[in-house]
Amino acid sequence: METASENLDTIRARIAAAAREQGREPNDIRLIAVSKTFDSEAIRALIDAGQRDFGENRVQEAAAKFPPLRAEFSNLHLHLVGPLQSNKAADAVALFDVIHSVDRDKIAASIAKETAKQGRTIRCYVQVNIGEEAQKAGVAPGETAAFVERCRSVHGLLIDGLMAIPPVDEPPGPFFALLAKLARESSVSGLSMGMSDDFETAVAFGSTDVRIGRALFGHRPRQI
Ligand SMILES: *Cc1c(COP(=O)(O)O)cnc(C)c1O
């Protein structure tokens with residue numbers, strides 16, 4: 001089995017190669033290690049290898065694992081990549097630096113209220129339901145620009161970009177291209193797209209944030 005540090009080297013090299021192929025600067029792409037279901041020991045192995053950006057999709061799970069690691073490593077950067085409920089907004093704002101799943105006014109308002117209350121600065125991404133799938137979270141593609149504008153002007157959020165998870169059973173390229181187009185129309189530069197199986201394609205279409213779990217940590221002990 002490869003070590004965490006070998007996996008990290010391999011993924012970084014693949015991101016860099018995909019970036020250079022497009023004439024892009026590899027350092028412009030942020031690698032987020034998605035550590036959901038993996039324990040602190042596995043996370044620590046990646047921290048020791050130099051990784052600092054981590055993603056989790058559940059507030060409670062992250063709140064159980066990361067505070068001790070944060071106390072030890074002051075420069076960790078935590079990303080919430082999963083759905084957020086309003087009643088968890090206070091915990092999410094206290095723990096995370098970036099929230100990738102803003103997809104409705106109610107949650108935008110809760111994040112804004114908590115950041116003001118806690119004196120925190122949180123960067124946000126608007127999640128887009130890029131394949132317009134019934135079971136997926138996110139704003140509809142056609143509503144994205146208007147929602148980004150409301151997040152900024154009505155709620156006062158710092159919107160850095162858009163996030164999406166394309167349909168599993170279709171080639172992802174056209175969905176990544178659509179997200180990039182929506183980002184241009186919404187005047188945001190961040191593109192949180194690309195996972196273990198499709199991150200090189202995502203980089204080819206302009207991804208600035210790839211969210212990678214299995215390719216770094218190995219098989220997930222349970223599906224979530
Ligand atoms: C789990 C997850 C990932 C990482 O998925 P892998 O296939 O393990 O790379 C990325 N983004 C989100 C939103 C996730 O929930």
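Counting starts at 1 for both ligands and their atoms, in listed order.
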- Would you call the rings of Y125 and H100 parallel, tilted or perpendicular, where under 30° means parallel and over 60° means perpendicular? parallel
- Close N or O approach (V81, ligand 1; < 3.5 Å): no
- Which of the atoms in ligand 1, numbered in the order shown and given with their element, are less than 4.0 Å from a heavy-atom of I212? 9 (O)
- Is it the side chain, the backbone, both or neither of K36 that has a heavy atom closer than 4.0 Å to ligand 1? side chain
- Query: Would you call K65-E56 a salt bridge at under 4.0 Å N-O?
  - Reply: yes
- Message: Need the ligand 1 atom indices (1-based, order shown) with element for anything under 4.0 Å from a heavy-atom of R214.
- Response: 6 (P), 7 (O), 8 (O), 9 (O)
- Message: Could you walk me through whether K136 and E133 satisfy the salt bridge (Lys or Arg N to Asp or Glu O under 4.0 Å) test, starting with their C-alpha distance in whole Å, then the side-chain angles of each, then the deciding distance to 0.1 Å, before giving a yes or no?
- Response: CA-CA 5 Å; K136 281 231 176 97; E133 297 171 280; 2.7 Å; yes
- Test: R44 and D39 ion pair at under 4.0 Å: no
- Note on the structure: To the nearest 0.5 Å, atom SG of C124 lies from atom CD1 of I111 at 4.5 Å
- Message: Below 4.0 Å from ligand 1: does a non-hydrogen atom of R220 turn up there or not?
- Response: yes
- Task: Before accepting this row, confirm whether a basic side-chain N of the pair E25/R20 lies closer than 4.0 Å to the acidic partner's carboxylate O.
- Result: no
- Query: Which is closest to atom 5 (O) of ligand 1 by heavy-atom distance: M195, Q127, H219, M163?
  - Reply: M195
- Message: Using a 4.0 Å cut-off to any heavy atom of R211, which atoms of ligand 1 qualify?
- Response: 4 (C), 9 (O), 10 (C), 11 (N), 12 (C), 13 (C)
- Query: If you measure from each non-hydrogen atom of I165 to ligand 1, which part falls under 4.0 Å: side chain, backbone, both or neither?
  - Reply: side chain
